[in-house]
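Structure first, then comments.
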Amino acid sequence: GANPNDHGPAYTANQIVSMVRSLTSESTLVAAAIAGIRTADFSDRVARTAAIRLSGPAVAVTDDVTPLLHENLRERAGLLVIAGTGSCVMARNTSGGVVRTGGRGPLFGDPGSAHQAAIAALRASADSIDGSAPVTALAREHRSTLVFVNTRRLVERVSHKLSERLGVEQVVAHHGS
């Protein structure tokens with residue numbers, strides 16, 4: 001992925017440069033629609049960095065939703081709804097004004113997204129298993145839990161704590177390193 005919120009604008013610009021160089025050496029314009037671009041300033045930073053490194057073609061960068069709005073609505077007023085892993089709603093009025101909600105990713109919220117639905121289901125089930133909420137279907141059928149963490153040390157720590165609560169025979173740990 002090249003989401004600048006996850007990797008920073010310089011990394012995202014490097015990804016654009018790498019792709020352009022691998023595809024062609026004759027570009028006069030590079031247009032990139034990238035998840036995570038939310039402001040004109042952020043877009044400009046990524047575009048300027050990529051343009052400097054490419055030293056040739058002009059670079060235009062926007063978010064990954066705006067091109068869908070313009071392509072599907074053309075010049076008409078209307079509404080674009082995206083509901084998948086992430087979610088976003090954009091609308092354009094008859095004067096050409098655009099408003100947007102959602103599309104902020106899992107940290108700041110994508111109401112209606114598959115990610116948010118999964119988190120809500122897991123929270124309800126965890127509360128059910130802990131006894132602090134009514135039993136859910138997911139909790140009733142619960143046979144195993146996967147816990148994802150980003151360091152080996154944390155895998156070992158979480159496994160140890162779970163083993164203390166549930167018993168050693170109930171916990172299996174694996175790390176990718």
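Computed from a predicted structure; not experimentally measured. All residue numbers in this chain count up from 1 along the given sequence.
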Quick one: list whatever passes side-chain contact (heavy atoms from CB on, under 4.5 Å) with Val158, sequence neighbours left out.
Val147, Val149, Leu154, Leu162
Answer yes or no: is there a side-chain heavy-atom contact under 4.5 Å between Asp63 and Arg100?
yes
Mark yes when over 12 heavy atoms from residues, nucleotides or ligands other than Glu75 sit less than 6.0 Å from its CD; otherwise mark no.
no
In short, Ala13 meets Val46 closest at the heavy-atom pair CB-O, 3.7 Å
Please report the shortest heavy-atom distance between Ala77 and Thr94, naming the atom on each side.
CB-N, 3.7 Å
Same cluster for Val89 and Ile37 if Ile/Leu/Val/Met/Phe/Trp/Tyr side chains link at under 4.5 Å?
no
What pairs meet the side-chain hydrogen bond (donor to acceptor under 3.5 Å, both in side chains) rule with one or both residues in residues 43-57, with sequence neighbours excluded?
Asn14-Arg53
Hey, could you give me the CG/CE distance between Asn72 and Met90, rounded to the nearest 0.5 Å?
12.0 Å
Ignoring hydrogens, what is the shortest heavy-atom contact between Leu79 and Leu73? Give both atom names and the distance.
N-CD1, 3.9 Å
The reported gap from CG in Leu80 to NE2 in His70 (rounded to nearest 0.5 angstrom) is 10.0 Å
What about Val98 and Val65, same hydrophobic cluster or not, with Ile/Leu/Val/Met/Phe/Trp/Tyr joined at side-chain heavy-atom distances under 4.5 Å?
yes
With a 4.5 Å limit on heavy-atom distance, are the side chains of Val61 and Ile16 in contact?
yes
Hey, mind stepping through His160 and Glu156 against side chain to side chain donor-acceptor pair (under 3.5 Å) and telling me if it holds?
CA-CA 6 Å; His160 176 74; Glu156 292 166 351; over 6 Å; no
